[in-house]
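First up is the structure itself, then whatever we jot down about it.
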Amino acid sequence: MQAYSGWFRAAVLISAMAATVVAQSAPPTKPKRARTTPSISQQDVKDLRDLVSAQQQQLEAQRQQMDAIKSQLQQVLEATQQANASAQKVQSSAEQAQNTATQAQQSATEAERLADQASANAVEAKTALSIVNGKNQDENKKISELRDVLSRFRFNGDIRIREESFFQDCAACLDRNRARVRVRFGVDGKLSEDFVGGLVLATGSLGDPTSTNTTLSNFFNRHTIGLDRGYVTYNPTAHKWLALTGGKFAYTWNRTPEGFSEKFSWDLKTPLIKNVSFTLLQTLFNEVTAGTDSYVLGGQVAGRVQIGPLTSTPSFMLMKWNNPDSILQASAFATQATTTTGNLPIPGEGPGCAKGAGLPSTPPCAFSPNGMTNSTFTDAGGKPHFWSQFFYADVILNNQIKTGMSRLPLNLVLEYENNLSAKDHPLDAAGAVLTNLGKQSHTYLADISLGQVKNKNDIQIGYAWLREEQDAALASFAESDQRAPTNILQNRFYALWKLRQNTQASYTFWYGRSLNSDLQHAVLAAGTTPGEVEPHLRRMQFDLIYTF
């Protein structure tokens, strides 16, 4: 409405302006009666120009609006065309979808059938799986129980390879070299809360209780493995101070048996004494159906003392051997000697009968794998007997001193033993009494070393000195590597090196001789006469030991 009023005003002004122009340009006429005409002012012209300019702006805005509407209509047209095209495609797809739907319906029917079958199979599988799971649970339970049992046990053992040489300065003596091996395998652990047990198998001659070495000889034959240990110990959790052991066991006392042992041990918190223990033992070394059994009764008291850098373990033991004469009258089975049955020889394993003046060379004979060096005599009935009985009183002082270097402690072992049942005046080689000699009943030992062999590259070097008289101990169960079981003066030098945590190398040099060559059963080099000092036997051992 505003636009039309503007146009109306513009038309009136234009008409007035035109009339004015015409009047001015017309030729003069006769005077007529005067008539008044409207006059156009400059203000009117300005208003007209402003009105025209406003109208032009409005027209431009309307034009722009028309262009926008035109553009929108074009977009709507294009969208309509696209929609029509899509509708045509949808129509075509709908027909295809109808066909597909029909096929899908058929497939759905088949799938439903297969699903029903799968559901039935799933039920069967679930049932079977439940059975399998039950069996697996049973198996897992059994495995867990077996694991719990096995975890209470520990397997251990070692293999030692040895090369050793013997040298002795005498005209008839020959150098000797041999290779030996020792293999041991064991298991020990808790049988229950209060019981522990152990089993050890080892190589070695069945006729030698003092060594598990076996010599690599005898034309590559196989080597014997026997029961070295098998024992059960009762150590109640409520009374840790008590340990009762039965079977074939490792020593529960400090002296280097089969039978029984009872140990009572208490740890103390005093500044000086850290532990006190008492050990009782009862061992059988010969049981017979008709006659007197042979057995050992003994006991030991020990302690552990701490004084600054010194840790000392003193002990005192008494051990009584009852009826030891059975050792001199052992059967062929015990001595592993060769027997003859039906004129056929039956060889045994081991050294056989111990040799010596007055001792029988065929069973029954003396059992002493390393030689019989104790004094013996033969009664009127021809049976051999020991000249002395055996009742040990043994004192050991085991010391370790810290040197300030944790890997180099100083170790010192001192021992004194006296056979309280030794008899005065031993016998000579001919069986005559030596009235100029007293009891041959004492043992003296000193062993000093520096270092230890606990960790990799640990080393230990040491020296041991032993003086053991003829009847100080039973020869049948003495150390197997020394010059003789008893009646010896022995020196031993040794060095050990821990190559790996489970591998150790060692060197041992034995330098010893018989103590008194006048005595009966003295072990002497060939050509040595009674009363003469025997030349020293030099024995070197090179060992490589692997443990697991």
Side-chain angles (χ1 to χ4, degrees), residues 186 188-200 209-210 227-268 270 273-288 292-305 311-327 386 388-398 413-422 441-443 445 471-474 476-479:
D188 55 65
K190 295 182 65 174
L191 305 178
S192 68
E193 288 300 320
D194 296 332
F195 287 88
V196 296
L199 170 70
V200 177
T210 64
L227 179 66
D228 191 50
R229 269 187 283 164
Y231 65 93
V232 173
T233 297
Y234 174 61
N235 184 206
T237 55
H239 304 285
K240 287 293 187 181
W241 51 269
L242 175 64
L244 307 178
T245 301
K248 189 174 182 66
F249 50 86
Y251 295 107
T252 54
W253 56 92
N254 289 347
R255 185 74 166 107
T256 56
E258 301 167 4
F260 303 92
S261 172
E262 303 82 34
K263 185 174 183 178
F264 310 87
S265 179
W266 294 272
D267 289 331
L268 305 177
T270 65
I273 302 176
K274 302 300 181 181
N275 176 271
V276 173
S277 65
F278 300 91
T279 303
L280 302 176
L281 62 110
Q282 311 86 39
T283 66
L284 296 169
F285 61 93
N286 188 53
E287 187 272 335
V288 294
T292 303
D293 293 338
S294 300
Y295 56 94
V296 178
L297 298 176
Q300 182 185 66
V301 58
R304 188 173 74 252
V305 179
T311 299
S312 181
T313 307
S315 66
F316 174 71
M317 183 182 67
L318 292 172
M319 180 183 289
K320 181 69 170 72
W321 295 77
N322 293 279
N323 191 28
D325 286 348
S326 62
I327 293 174
F386 285 107
S388 297
Q389 296 300 297
F390 297 90
F391 183 21
Y392 303 160
D394 190 15
V395 177
I396 300 176
L397 189 61
N398 194 334
V413 180
L414 301 173
E415 180 178 4
Y416 167 73
E417 181 189 350
N418 186 20
N419 179 11
L420 303 178
S421 295
S441 62
H442 301 90
T443 296
L445 168 69
D471 287 339
L474 273 167
S476 302
F477 308 108
E479 166 63 48

Can you establish whether the number of heavy atoms outside Phe316 located under 6.0 Å from its atom CZ is more than 12? yes
Rounded to the nearest 0.5 Å, how far apart are [atom1] of [X] and [atom2] of [Y]?
X	Y	atom1	atom2	result
Leu280	Phe260	CG	CZ	13.5 Å
Glu415	Ile396	CD	CD1	4.0 Å
Asn323	Asp325	CG	CG	6.0 Å
Asn286	Asn322	CG	CG	12.5 Å
Tyr231	Ser261	OH	OG	11.5 Å
Thr313	Arg304	OG1	CZ	7.0 Å

Between Val196 and Lys190, is there a side-chain heavy-atom distance shorter than 4.5 Å? yes
Do Met317 and Glu417 come within less than 4.5 Å of each other through their side chains, counting heavy atoms only? no
Can you give me the closest heavy-atom contact between [X] and [Y], atom names plus distance?
X	Y	answer
Leu397	Ser312	CD1-OG, 3.2 Å
Phe391	Ser421	CB-OG, 3.2 Å
Asn275	Trp266	ND2-O, 3.0 Å
Phe278	Val301	CE2-CG2, 3.4 Å
Ser476	Ile327	OG-CG2, 3.1 Å
Leu227	Lys248	O-CE, 3.6 Å

Show the numbers, then the answer: is there a ring pair (Phe, Tyr, Trp, His ring centres under 6.0 Å) between Trp321 and Phe477? CA-CA 12 Å; Trp321 295 77; Phe477 308 108; 5.4 Å; yes
Apply side chain to side chain contact (heavy atoms under 4.5 Å, CB included) to Asp471 and Phe386, showing your working. CA-CA 9 Å; Asp471 287 339; Phe386 285 107; 6.0 Å; no
Give a yes-or-no answer on whether the side chains of Ser441 and Asn418 include a donor-acceptor pair shorter than 3.5 Å. yes
I'd like to know if the side chain of Lys240 and the backbone of Pro236 have a donor-acceptor N/O pair within less than 3.5 Å. no
Does any N or O in the side chain of Asp188 come within less than 3.5 Å of the main-chain N or O of Leu199, such that one atom is a donor and the other an acceptor? no
For side chain to side chain contact (heavy atoms under 4.5 Å, CB included), just list the numbers for Leu318 and Lys320, CA-CA rounded to whole Å, side-chain angles, deciding distance to a tenth of an Å, and then say yes or no. CA-CA 7 Å; Leu318 292 172; Lys320 181 69 170 72; over 6 Å; no
Could you go through the side chain to side chain contact (heavy atoms under 4.5 Å, CB included) check for Gln282 and Leu297 one step at a time? CA-CA 5 Å; Gln282 311 86 39; Leu297 298 176; 3.8 Å; yes
Please state whether the rings of Trp241 and His239 are parallel, tilted or perpendicular, taking 30° and 60° as the class boundaries. perpendicular
Going through the distances and angles, do Leu281 and Met319 end up as a side chain to side chain contact (heavy atoms under 4.5 Å, CB included)? CA-CA 9 Å; Leu281 62 110; Met319 180 183 289; 4.2 Å; yes
